[in-house]
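A quick write-up on the structure given underneath.
This is a predicted model, so every value here is computed, not measured.
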Amino acid sequence: MSALVVTLSALAAGATRTVIATPDAPAAIGPYSQGIEISRDGWTTAFLAGQIGLDPKTGSLVPGGIKAEAKQAMDNIKAIATSANVTMNDIVSCDCLMADLTEYADFNTIYAEYFSTTPPTRAAVQVVALPKNARVEVKCTAETKVKKTIIATKEAPAAIGPYSQGVELEIGSQELTYLSGQIGMTPSGTVVPGNITSQTGRVIENIAAIAKAADLSLTDIISCEAMLANYSDYPAFSKQLNHAVPVSTATAFVVSELPKDTLAEVKCIGSKGFNRKAVTSSSVPAPATGLVQGVKISGTGPSNIYVAGQIGQDVNGQLPDGIQAQAKQAMTNIQDILVAAGSSMDDIVECTCLLQDLGEYSAFNTVYATFFGSKPPARAAFQVVALPMNARVQVKCSAVLL
(Lines give C-alpha, C1' and ligand atoms only; values in the text may rest on other atoms or scores of the structure.)
Protein backbone atom coordinates (compact mmCIF):
# COMPACT_ATOMS: atom_id res chain seq x y z
CA MET A 1 0.00 0.00 0.00
CA SER A 2 1.16 3.54 -0.57
CA ALA A 3 2.63 5.66 2.19
CA LEU A 4 1.43 9.05 3.32
CA VAL A 5 4.29 11.48 2.85
CA VAL A 6 3.88 14.92 4.40
CA THR A 7 6.53 17.53 3.66
CA LEU A 8 6.67 19.86 6.65
CA SER A 9 9.35 22.32 5.63
CA ALA A 10 11.90 23.33 3.05
CA LEU A 11 13.69 26.11 4.85
CA ALA A 12 17.07 25.69 3.21
CA ALA A 13 17.78 25.26 -0.46
CA GLY A 14 17.43 21.60 -1.37
CA ALA A 15 16.45 20.55 2.18
CA THR A 16 13.11 19.07 3.24
CA ARG A 17 11.63 17.36 6.28
CA THR A 18 9.08 14.64 5.56
CA VAL A 19 6.88 12.66 7.94
CA ILE A 20 6.57 9.01 6.96
CA ALA A 21 3.29 7.20 7.58
CA THR A 22 2.44 3.84 6.03
CA PRO A 23 -0.39 1.38 6.69
CA ASP A 24 2.14 -1.41 6.16
CA ALA A 25 3.54 -0.74 9.64
CA PRO A 26 1.61 -0.40 12.92
CA ALA A 27 -0.02 2.89 13.74
CA ALA A 28 1.78 4.77 16.52
CA ILE A 29 0.82 3.74 20.06
CA GLY A 30 1.90 7.11 21.41
CA PRO A 31 2.65 10.67 20.25
CA TYR A 32 5.31 9.84 17.65
CA SER A 33 5.66 9.40 13.91
CA GLN A 34 6.65 6.14 12.25
CA GLY A 35 9.56 7.92 10.63
CA ILE A 36 11.08 11.28 9.75
CA GLU A 37 13.05 11.75 6.54
CA ILE A 38 15.48 14.62 6.06
CA SER A 39 16.57 15.20 2.47
CA ARG A 40 19.34 17.64 1.69
CA ASP A 41 21.45 18.17 -1.41
CA GLY A 42 23.08 14.80 -2.00
CA TRP A 43 22.26 13.35 1.45
CA THR A 44 19.15 11.72 2.91
CA THR A 45 18.67 10.53 6.51
CA ALA A 46 15.67 8.52 7.71
CA PHE A 47 14.93 8.23 11.44
CA LEU A 48 12.75 5.16 12.03
CA ALA A 49 10.70 4.90 15.23
CA GLY A 50 11.21 1.93 17.53
CA GLN A 51 9.20 -1.05 16.32
CA ILE A 52 7.90 -4.01 18.30
CA GLY A 53 6.23 -7.14 16.95
CA LEU A 54 2.83 -5.56 16.36
CA ASP A 55 0.80 -6.81 13.42
CA PRO A 56 -0.15 -3.67 11.45
CA LYS A 57 -3.53 -5.18 10.56
CA THR A 58 -4.62 -6.14 14.08
CA GLY A 59 -2.54 -3.82 16.25
CA SER A 60 -1.71 -6.81 18.46
CA LEU A 61 1.55 -8.57 19.18
CA VAL A 62 2.09 -11.57 16.93
CA PRO A 63 2.11 -14.90 18.77
CA GLY A 64 5.09 -17.23 18.79
CA GLY A 65 7.71 -15.64 21.05
CA ILE A 66 10.95 -13.88 20.27
CA LYS A 67 11.50 -15.13 16.72
CA ALA A 68 7.99 -14.26 15.59
CA GLU A 69 8.11 -10.86 17.29
CA ALA A 70 11.58 -10.11 15.93
CA LYS A 71 10.45 -10.93 12.40
CA GLN A 72 7.39 -8.71 12.69
CA ALA A 73 9.40 -5.85 14.22
CA MET A 74 11.93 -6.05 11.38
CA ASP A 75 9.13 -6.28 8.79
CA ASN A 76 7.72 -3.09 10.30
CA ILE A 77 11.12 -1.40 10.07
CA LYS A 78 11.42 -2.51 6.45
CA ALA A 79 7.97 -1.14 5.61
CA ILE A 80 8.79 2.27 7.06
CA ALA A 81 12.20 2.31 5.39
CA THR A 82 10.62 1.48 2.03
CA SER A 83 8.14 4.31 2.50
CA ALA A 84 11.06 6.64 3.18
CA ASN A 85 12.72 5.52 -0.08
CA VAL A 86 15.59 3.80 1.71
CA THR A 87 16.53 0.13 1.84
CA MET A 88 17.56 -2.07 4.73
CA ASN A 89 21.13 -1.86 3.45
CA ASP A 90 20.98 1.92 3.96
CA ILE A 91 20.50 1.43 7.70
CA VAL A 92 23.66 2.47 9.56
CA SER A 93 22.64 2.24 13.22
CA CYS A 94 20.14 0.30 15.34
CA ASP A 95 19.18 0.13 19.01
CA CYS A 96 17.98 -3.35 19.94
CA LEU A 97 16.12 -3.47 23.25
CA MET A 98 15.31 -6.90 24.60
CA ALA A 99 13.15 -8.21 27.40
CA ASP A 100 15.50 -11.16 27.94
CA LEU A 101 19.10 -11.44 26.73
CA THR A 102 18.92 -15.21 26.88
CA GLU A 103 16.95 -14.78 23.63
CA TYR A 104 19.90 -12.92 22.06
CA ALA A 105 20.89 -15.79 19.73
CA ASP A 106 17.33 -16.37 18.52
CA PHE A 107 16.88 -12.64 17.91
CA ASN A 108 20.16 -12.44 15.99
CA THR A 109 19.12 -15.31 13.73
CA ILE A 110 16.10 -13.33 12.53
CA TYR A 111 17.76 -9.90 12.60
CA ALA A 112 20.65 -11.01 10.36
CA GLU A 113 18.25 -12.08 7.60
CA TYR A 114 17.32 -8.44 6.93
CA PHE A 115 20.81 -7.27 5.95
CA SER A 116 22.14 -8.79 2.74
CA THR A 117 25.41 -6.87 2.94
CA THR A 118 27.47 -5.81 5.95
CA PRO A 119 25.04 -5.08 8.82
CA PRO A 120 24.74 -1.70 10.55
CA THR A 121 26.21 -0.65 13.87
CA ARG A 122 24.13 -1.33 16.93
CA ALA A 123 23.78 -1.71 20.68
CA ALA A 124 21.78 -4.55 22.25
CA VAL A 125 20.76 -4.62 25.90
CA GLN A 126 18.14 -6.09 28.22
CA VAL A 127 15.69 -3.57 29.64
CA VAL A 128 13.03 -3.94 32.33
CA ALA A 129 9.97 -3.70 30.09
CA LEU A 130 8.85 -2.69 26.60
CA PRO A 131 5.50 -1.32 25.42
CA LYS A 132 2.77 -3.97 25.17
CA ASN A 133 5.08 -6.37 27.08
CA ALA A 134 6.93 -7.02 23.81
CA ARG A 135 10.03 -9.22 23.67
CA VAL A 136 12.04 -6.78 21.55
CA GLU A 137 12.03 -3.23 20.17
CA VAL A 138 14.27 -2.04 17.33
CA LYS A 139 14.93 1.61 16.43
CA CYS A 140 17.05 2.53 13.39
CA THR A 141 18.70 5.32 11.43
CA ALA A 142 19.33 5.06 7.69
CA GLU A 143 21.62 7.17 5.53
CA THR A 144 21.63 7.18 1.74
CA LYS A 145 23.09 9.05 -1.25
CA VAL A 146 26.47 9.31 0.51
CA LYS A 147 29.60 7.18 0.35
CA LYS A 148 29.73 4.60 3.14
CA THR A 149 32.76 2.76 4.48
CA ILE A 150 32.52 -0.16 6.89
CA ILE A 151 35.01 0.26 9.71
CA ALA A 152 36.74 -2.87 10.95
CA THR A 153 39.85 -3.05 13.13
CA LYS A 154 41.62 -5.85 14.98
CA GLU A 155 42.39 -3.36 17.74
CA ALA A 156 38.78 -3.64 18.98
CA PRO A 157 36.72 -6.77 19.72
CA ALA A 158 35.17 -8.58 16.77
CA ALA A 159 31.39 -8.35 16.63
CA ILE A 160 29.55 -10.80 18.88
CA GLY A 161 26.45 -10.54 16.71
CA PRO A 162 25.36 -9.40 13.25
CA TYR A 163 26.70 -5.85 13.37
CA SER A 164 29.66 -3.79 12.15
CA GLN A 165 32.15 -2.08 14.44
CA GLY A 166 31.57 1.21 12.67
CA VAL A 167 30.06 2.86 9.58
CA GLU A 168 31.66 6.00 8.17
CA LEU A 169 29.78 8.42 5.90
CA GLU A 170 31.59 10.81 3.60
CA ILE A 171 29.64 13.98 2.88
CA GLY A 172 31.97 16.01 0.69
CA SER A 173 34.93 16.90 2.91
CA GLN A 174 32.95 16.01 6.04
CA GLU A 175 32.66 12.69 7.85
CA LEU A 176 29.98 11.32 10.17
CA THR A 177 30.75 7.97 11.81
CA TYR A 178 28.47 5.65 13.76
CA LEU A 179 30.18 3.32 16.27
CA SER A 180 28.63 0.15 17.67
CA GLY A 181 28.14 -0.25 21.39
CA GLN A 182 31.39 -1.29 23.04
CA ILE A 183 31.70 -3.36 26.21
CA GLY A 184 34.65 -4.13 28.49
CA MET A 185 36.03 -6.86 26.26
CA THR A 186 39.54 -7.09 24.82
CA PRO A 187 40.21 -7.56 21.09
CA SER A 188 40.90 -11.23 21.86
CA GLY A 189 37.34 -11.63 23.16
CA THR A 190 38.10 -11.76 26.88
CA VAL A 191 35.95 -9.78 29.30
CA VAL A 192 38.16 -7.52 31.42
CA PRO A 193 38.10 -8.65 35.06
CA GLY A 194 37.61 -6.18 37.87
CA ASN A 195 35.32 -3.28 38.59
CA ILE A 196 33.67 -0.52 36.57
CA THR A 197 36.91 1.45 36.33
CA SER A 198 38.71 -1.43 34.61
CA GLN A 199 35.88 -2.19 32.22
CA THR A 200 35.20 1.46 31.37
CA GLY A 201 38.88 1.88 30.55
CA ARG A 202 38.61 -0.99 28.07
CA VAL A 203 35.37 0.39 26.61
CA ILE A 204 37.11 3.69 25.94
CA GLU A 205 40.10 1.91 24.38
CA ASN A 206 37.74 0.05 22.03
CA ILE A 207 35.96 3.26 21.03
CA ALA A 208 39.32 4.94 20.44
CA ALA A 209 40.47 2.04 18.24
CA ILE A 210 37.37 2.13 16.05
CA ALA A 211 37.51 5.92 15.88
CA LYS A 212 41.16 5.74 14.82
CA ALA A 213 40.30 3.28 12.06
CA ALA A 214 37.84 5.93 10.81
CA ASP A 215 40.54 8.62 11.02
CA LEU A 216 38.95 10.12 14.12
CA SER A 217 40.11 10.67 17.68
CA LEU A 218 38.19 10.61 20.95
CA THR A 219 37.90 14.39 20.78
CA ASP A 220 35.82 13.93 17.60
CA ILE A 221 33.10 12.03 19.49
CA ILE A 222 29.95 14.18 19.65
CA SER A 223 27.29 11.89 21.13
CA CYS A 224 27.35 8.92 23.51
CA GLU A 225 24.68 6.59 24.82
CA ALA A 226 25.89 4.79 27.94
CA MET A 227 24.19 1.76 29.47
CA LEU A 228 25.26 0.56 32.92
CA ALA A 229 24.59 -2.62 34.88
CA ASN A 230 24.74 -0.95 38.33
CA TYR A 231 23.56 2.47 39.49
CA SER A 232 26.36 2.62 42.05
CA ASP A 233 28.91 2.65 39.19
CA TYR A 234 27.51 5.87 37.76
CA PRO A 235 29.91 8.39 39.41
CA ALA A 236 33.11 6.48 38.56
CA PHE A 237 31.91 5.76 35.03
CA SER A 238 30.91 9.37 34.37
CA LYS A 239 34.29 10.65 35.54
CA GLN A 240 36.15 8.41 33.09
CA LEU A 241 33.84 9.17 30.18
CA ASN A 242 34.05 12.91 30.84
CA HIS A 243 37.84 12.75 30.69
CA ALA A 244 37.84 10.71 27.46
CA VAL A 245 35.24 12.58 25.37
CA PRO A 246 35.06 16.10 26.79
CA VAL A 247 33.03 17.70 23.98
CA SER A 248 30.22 15.18 23.65
CA THR A 249 26.69 14.76 24.83
CA ALA A 250 25.95 11.68 26.93
CA THR A 251 22.82 9.88 28.00
CA ALA A 252 23.35 7.32 30.77
CA PHE A 253 20.93 4.84 32.28
CA VAL A 254 20.90 1.50 34.09
CA VAL A 255 19.62 -1.59 32.29
CA SER A 256 18.81 -5.12 33.46
CA GLU A 257 21.68 -6.86 31.70
CA LEU A 258 24.44 -6.23 29.16
CA PRO A 259 26.05 -8.69 26.74
CA LYS A 260 28.62 -11.01 28.36
CA ASP A 261 27.44 -9.82 31.81
CA THR A 262 29.63 -6.75 31.47
CA LEU A 263 29.23 -3.56 33.49
CA ALA A 264 28.99 -0.87 30.79
CA GLU A 265 28.23 -0.46 27.09
CA VAL A 266 28.75 2.78 25.17
CA LYS A 267 27.52 3.58 21.65
CA CYS A 268 28.82 6.73 19.93
CA ILE A 269 28.70 9.07 16.96
CA GLY A 270 31.79 10.94 15.77
CA SER A 271 32.29 13.71 13.23
CA LYS A 272 35.10 15.38 11.32
CA GLY A 273 35.19 18.39 9.01
CA PHE A 274 32.03 19.96 10.41
CA ASN A 275 31.96 23.19 12.37
CA ARG A 276 31.31 21.81 15.87
CA LYS A 277 29.95 23.86 18.75
CA ALA A 278 29.06 22.92 22.30
CA VAL A 279 25.58 24.20 23.17
CA THR A 280 24.83 25.55 26.64
CA SER A 281 21.69 27.09 28.12
CA SER A 282 21.96 28.98 31.40
CA SER A 283 18.43 27.88 32.31
CA VAL A 284 19.31 24.17 32.20
CA PRO A 285 21.35 22.34 34.86
CA ALA A 286 24.77 20.97 33.93
CA PRO A 287 24.56 17.31 32.84
CA ALA A 288 25.11 14.75 35.59
CA THR A 289 27.79 13.16 33.40
CA GLY A 290 29.80 16.38 33.47
CA LEU A 291 29.73 16.56 29.67
CA VAL A 292 27.92 19.10 27.48
CA GLN A 293 24.21 19.83 27.19
CA GLY A 294 24.24 19.73 23.41
CA VAL A 295 26.47 19.60 20.35
CA LYS A 296 25.72 21.33 17.06
CA ILE A 297 27.57 20.38 13.89
CA SER A 298 27.24 22.55 10.79
CA GLY A 299 28.59 22.22 7.30
CA THR A 300 27.15 22.10 3.83
CA GLY A 301 23.37 22.24 4.22
CA PRO A 302 21.39 21.77 7.46
CA SER A 303 22.88 21.46 10.94
CA ASN A 304 22.59 18.42 13.22
CA ILE A 305 21.97 19.01 16.92
CA TYR A 306 22.49 16.30 19.54
CA VAL A 307 20.87 16.95 22.93
CA ALA A 308 22.06 15.07 26.01
CA GLY A 309 19.49 13.08 27.93
CA GLN A 310 17.44 15.38 30.15
CA ILE A 311 15.75 14.52 33.41
CA GLY A 312 13.22 16.69 35.26
CA GLN A 313 15.84 18.66 37.17
CA ASP A 314 15.56 22.43 37.18
CA VAL A 315 18.44 24.89 37.04
CA ASN A 316 18.56 24.96 40.86
CA GLY A 317 19.12 21.21 40.97
CA GLN A 318 15.63 20.41 42.21
CA LEU A 319 13.72 17.35 40.99
CA PRO A 320 9.94 17.77 41.41
CA ASP A 321 7.68 14.94 42.52
CA GLY A 322 5.72 12.87 40.03
CA ILE A 323 6.07 11.78 36.42
CA GLN A 324 4.17 14.66 34.84
CA ALA A 325 6.08 17.41 36.64
CA GLN A 326 9.38 15.73 35.83
CA ALA A 327 8.38 15.13 32.21
CA LYS A 328 7.44 18.78 31.78
CA GLN A 329 10.76 19.98 33.21
CA ALA A 330 12.77 17.49 31.13
CA MET A 331 11.05 18.62 27.93
CA THR A 332 11.45 22.28 28.91
CA ASN A 333 15.17 21.67 29.37
CA ILE A 334 15.36 20.19 25.86
CA GLN A 335 13.44 23.16 24.49
CA ASP A 336 15.84 25.62 26.15
CA ILE A 337 18.93 23.80 24.83
CA LEU A 338 17.51 23.87 21.30
CA VAL A 339 16.77 27.59 21.58
CA ALA A 340 20.40 28.12 22.63
CA ALA A 341 21.39 26.26 19.44
CA GLY A 342 19.18 28.50 17.31
CA SER A 343 16.63 25.72 16.88
CA SER A 344 13.21 24.68 18.20
CA MET A 345 11.14 21.63 19.12
CA ASP A 346 9.82 21.55 15.55
CA ASP A 347 13.31 20.54 14.38
CA ILE A 348 13.48 17.37 16.52
CA VAL A 349 13.63 14.24 14.36
CA GLU A 350 13.98 11.47 16.95
CA CYS A 351 13.79 10.91 20.70
CA THR A 352 14.56 8.12 23.14
CA CYS A 353 12.28 8.14 26.17
CA LEU A 354 13.49 6.24 29.23
CA LEU A 355 10.92 5.59 31.96
CA GLN A 356 11.45 4.15 35.41
CA ASP A 357 7.94 2.70 35.27
CA LEU A 358 6.04 1.94 32.05
CA GLY A 359 2.90 2.12 34.13
CA GLU A 360 3.41 5.88 33.81
CA TYR A 361 3.55 5.71 29.98
CA SER A 362 0.17 7.35 29.44
CA ALA A 363 0.79 10.11 31.98
CA PHE A 364 4.17 10.80 30.38
CA ASN A 365 2.67 10.88 26.88
CA THR A 366 0.09 13.44 27.96
CA VAL A 367 2.85 15.91 28.82
CA TYR A 368 5.24 14.91 26.02
CA ALA A 369 2.60 15.49 23.33
CA THR A 370 2.09 19.12 24.37
CA PHE A 371 5.61 19.95 23.18
CA PHE A 372 4.94 18.88 19.58
CA GLY A 373 2.43 19.60 16.88
CA SER A 374 0.43 17.08 14.89
CA LYS A 375 3.54 15.46 13.37
CA PRO A 376 5.86 14.58 16.27
CA PRO A 377 9.32 13.01 15.86
CA ALA A 378 10.15 9.31 15.67
CA ARG A 379 10.98 7.74 19.02
CA ALA A 380 11.55 4.67 21.17
CA ALA A 381 10.24 4.27 24.72
CA PHE A 382 11.05 1.65 27.33
CA GLN A 383 11.49 0.99 31.05
CA VAL A 384 14.95 0.98 32.63
CA VAL A 385 16.26 -0.01 36.06
CA ALA A 386 17.36 3.45 37.13
CA LEU A 387 18.12 6.97 35.92
CA PRO A 388 20.39 9.71 37.28
CA MET A 389 19.08 11.12 40.58
CA ASN A 390 16.50 8.30 40.55
CA ALA A 391 14.45 10.41 38.14
CA ARG A 392 11.16 9.09 36.75
CA VAL A 393 12.04 9.88 33.13
CA GLN A 394 14.91 10.88 30.87
CA VAL A 395 14.58 12.05 27.26
CA LYS A 396 17.36 12.41 24.67
CA CYS A 397 16.79 13.95 21.26
CA SER A 398 18.37 14.77 17.94
CA ALA A 399 17.31 17.67 15.77
CA VAL A 400 18.05 18.84 12.24
CA LEU A 401 17.95 22.58 11.64
CA LEU A 402 17.01 23.11 7.99
Give the minimum heavy-atom separation between [X] and [Y], together with the two atoms involved.
| X | Y | result |
| --- | --- | --- |
| Leu263 | Gly194 | CD1-O, 4.1 Å |
| Val279 | Ile337 | CG1-O, 3.4 Å |
| Ile305 | Leu338 | CG2-CD2, 4.0 Å |
| Pro259 | Glu265 | CD-OE1, 3.5 Å |
| Pro246 | Val292 | O-CG1, 4.0 Å |
| Leu258 | Ala264 | CD1-N, 3.4 Å |

task: May I have all residue pairs that pass side chain to side chain donor-acceptor pair (under 3.5 Å) and include part of residues 317-326, sequence neighbours excluded?
output: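 Listed once each, the pairs would be none.
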How far does [atom1] of [X] sit from [atom2] of [Y], to the nearest 0.5 angstrom?
| X | Y | atom1 | atom2 | result |
| --- | --- | --- | --- | --- |
| Ile297 | Lys277 | CD1 | NZ | 14.0 Å |
| Tyr368 | Cys351 | OH | SG | 3.5 Å |
| Glu137 | Leu54 | CD | CG | 10.0 Å |

Quick check: does any side chain N or O of [X] sit under 3.5 Å from a backbone N or O of [Y], one acting as donor and the other as acceptor?
| X | Y | value |
| --- | --- | --- |
| Gln310 | Ala308 | yes |
| Gln335 | Met345 | no |
| Gln199 | Ile183 | no |
| Gln34 | Ala25 | yes |
| Asn76 | Pro26 | no |
| Lys375 | Val19 | no |
| Asp220 | Ser217 | yes |
| Thr121 | Val92 | yes |
| Gln126 | Leu101 | yes |
| Asn333 | Pro285 | no |

Decide yes or no for [X] and [Y]: does some side-chain heavy atom of the first lie under 4.5 Å from some side-chain heavy atom of the second?
| X | Y | value |
| --- | --- | --- |
| Cys140 | Arg122 | no |
| Ser248 | Leu218 | no |
| Asp347 | Leu402 | no |
| Phe253 | Glu225 | yes |
| Gln72 | Leu61 | no |
| Phe364 | Cys353 | yes |
| Asp100 | Arg135 | yes |
| Pro120 | Ser93 | no |

message: Applying side-chain contact (heavy atoms from CB on, under 4.5 Å), can you list everything that pairs with Glu175, at least two apart in sequence or on another chain?
response: Glu168, Leu216, Lys272
- prompt: Under the side chain to side chain contact (heavy atoms under 4.5 Å, CB included) criterion, do Tyr114 and Ile77 qualify, and how do the steps go?
  reply: CA-CA 10 Å; Tyr114 287 80; Ile77 290 286; over 6 Å; no
- prompt: Hey, are Glu143 and Thr45 close enough side-chain-wise for a donor-acceptor pair under 3.5 Å?
  reply: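 Short answer, yes.
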- prompt: Can you check side chain to side chain contact (heavy atoms under 4.5 Å, CB included) on Ile348 and Phe371, steps first, answer last?
  reply: CA-CA 11 Å; Ile348 293 178; Phe371 285 82; over 6 Å; no
field: Step-by-step side chain to side chain donor-acceptor pair (under 3.5 Å) determination, Ser398 to Glu350
entry: CA-CA 6 Å; Ser398 300; Glu350 62 88 22; 2.6 Å; yes
message: Apply side chain to side chain contact (heavy atoms under 4.5 Å, CB included) to residues Val125 and Leu97 and explain how you reach the verdict.
response: CA-CA 5 Å; Val125 300; Leu97 311 160; 4.0 Å; yes
field: Atom CD of Glu155 with >12 non-hydrogen neighbours under 6.0 angstrom
entry: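 For Glu155, atom CD is not crowded (no more than 12 foreign heavy atoms under 6.0 Å).
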message: Checking Gln51 against Val138 for the side chain to side chain contact (heavy atoms under 4.5 Å, CB included) test, could you report, in this order, the C-alpha distance in whole Å, the side-chain angles of both residues, the deciding distance, and whether it holds?
response: CA-CA 5 Å; Gln51 295 298 308; Val138 182; 5.6 Å; no
- request: Before accepting this row, confirm whether a basic side-chain N of the pair Asp346/Arg17 lies closer than 4.0 Å to the acidic partner's carboxylate O.
  value: no
- prompt: Does Asp90 come within less than 4.0 Å of Lys148, counting only side-chain N to carboxylate O?
  reply: yes
Give every donor-acceptor pair under 3.5 Å between a side-chain atom in residues 377-396 and any protein atom, sequence neighbours left out.
residue	atom	partner	partner atom	Å
Arg379	NH1	Asn365	OD1	3.1
Arg379	NH2	Tyr361	OH	3.2
Arg379	NH2	Asn365	OD1	2.7
Gln383	OE1	Leu358	N	2.9
Gln383	NE2	Gln356	O	3.4
Arg392	NE	Glu360	OE1	3.3
Arg392	NH1	Gln356	OE1	2.8
Arg392	NH2	Glu360	OE1	3.3
Arg392	NH2	Glu360	OE2	3.3
Gln394	NE2	Ala252	O	3.1

- request: Give me the ring orientation class for Tyr234 and Tyr231: parallel if the planes are under 30° apart, tilted from 30 to 60°, perpendicular past 60°.
  value: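 Taking Tyr231 first and then Tyr234, their aromatic rings lie parallel (interplane angle under 30°).
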